[in-house]
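Taking it in order: structure first as structure tokens, then the write-up.
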Amino acid sequence: MTSPDLKGRTAIVTGASRGIGLAIAQRLGDAGANVVLTSRKQDSADAAAAQVSGNALGVGAHAVDEEAAQRCVDLTLERFGSIDILVNNAGTNPAYGPLIEQDHARFAKVFDVNLWAPLLWTSLAVKAWMGEHGGAVVNTASIGGLHFSPFMGMYNATKAALIHVTKQLALELSPRVRVNAICPGVVRTRLAEALWKDHEDPLAATTPLGRIGEPVDVAGAGAFLVSDEASWITGEAMVIDGGQLLGNATGFRG
């Protein structure tokens, strides 16, 4: 996979203040794209933008705030003249634990951020630019949307739904707009700390490629999917997990 050339294109990356979102934004900036990074707070967005090469702009916009999202879209068009790429990366998981122990407030928050926000931002970007001029959307899902695991039921349900929505949008927005998803495994991010922080070594030992993921491992896949190299790919959910979905590899090692 060669480095994509994204010169002259503009990307919005939501939830880009750290982790996978920031890594994708940096990769897009390195490829020549203008990059708009969003975070709930303006100072966090500004700090993230300062870590991206080229033309980068931080915008304070909570992913589920429709007025803030519209302002971000308008500002992006005013500043850079197009919205060619959208990476819906903002995510949350306040609902760690058994499904029957969740309350409606946590249910509503996790579905709003993880499912409604990607729909909202995609709608705004398509109506403002992509519907007429074309573009590429990438949604950050998870391997959790493809399997089952203790205490992650609510989060995984949102990611399963996001994978479905990705495919539905790919169909509805074709042929001008391509829509794909990335499905990371356990990656060293703050959001996923509960999955790796206190047991990284045993988790790495049971992962076929021998380690947990780093944000940069996911960034390359995101950059590929929004590039011309993926011009005939839409509606896909690309797994980037070091083989974690394959299962425990220790029994096969001498």
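In this chain, numbering begins with 1 at the start of the sequence shown.
Two residues are said to be in side-chain contact when any heavy atoms from C-beta on lie closer than 4.5 Å; V110 and P94 meet this criterion. In this structure, N114 and L162 have side chains that are not in contact, with every pair of non-hydrogen atoms separated by 4.5 Å or more. Between S17 and L22 there is no side-chain heavy-atom pair separated by less than 4.5 Å. Using a 4.5 Å cut-off on side-chain heavy atoms (C-beta onward), L169 and V137 make no contact. Between M130 and D84, every side-chain heavy-atom pair lies at or beyond the 4.5 Å cut-off. Using a 4.5 Å heavy-atom threshold, the side chains of T38 and I12 count as touching. Contact of the I182 side chain with the L225 side chain is registered, since non-hydrogen atoms from C-beta on lie closer than 4.5 Å.
Partners of S227 according to the side chain to side chain contact (heavy atoms under 4.5 Å, CB included) rule, which considers only residues two or more places apart in sequence or in another chain, are P4, L6, F224, E229. The side chain to side chain contact (heavy atoms under 4.5 Å, CB included) check on K127 picks up S123, with sequence neighbours excluded. With sequence neighbours left out, T76 forms a side chain to side chain donor-acceptor pair (under 3.5 Å) with no residue at all. For T140, the side chain to side chain donor-acceptor pair (under 3.5 Å) partners two or more places apart in sequence, or in a different chain, are N89.
Cluster note: V239 groups with I143, L146, I163, L245 through ILVMFWY side-chain heavy atoms spaced under 4.5 Å, whether in direct contact or through intervening members.
Side chain to side chain, Q26 and D30 fail the donor-acceptor criterion of an N or O pair below 3.5 Å.
With hydrogens and angles disregarded, a donor-acceptor distance shorter than 3.5 Å links the side chain of Q244 to the backbone of V186. With W116 contributing its side chain and F111 its backbone, the two residues share no donor-acceptor pair below 3.5 Å. Side-chain atoms of R27 never come within 3.5 Å of backbone atoms of G222 as a donor-acceptor pair (strictly under, hydrogens ignored).
One finds a salt bridge joining D103 and R106 here, because a Lys/Arg side-chain nitrogen approaches an Asp/Glu carboxylate oxygen to under 4.0 Å. Ion pair D5/K7 flagged as a salt bridge, since at least one NZ, NE, NH1 or NH2 atom sits closer than 4.0 Å to an Asp/Glu carboxylate oxygen.
Within the structure, side-chain hydrogen bond (donor to acceptor under 3.5 Å, both in side chains) pairs that include any residue of residues 214-223 comprise R188-E214, R211-D217 (at least two apart or interchain).
The side-chain hydrogen bond (donor to acceptor under 3.5 Å, both in side chains) test with T166 is passed by exactly one of N139, N180, T122: N139.
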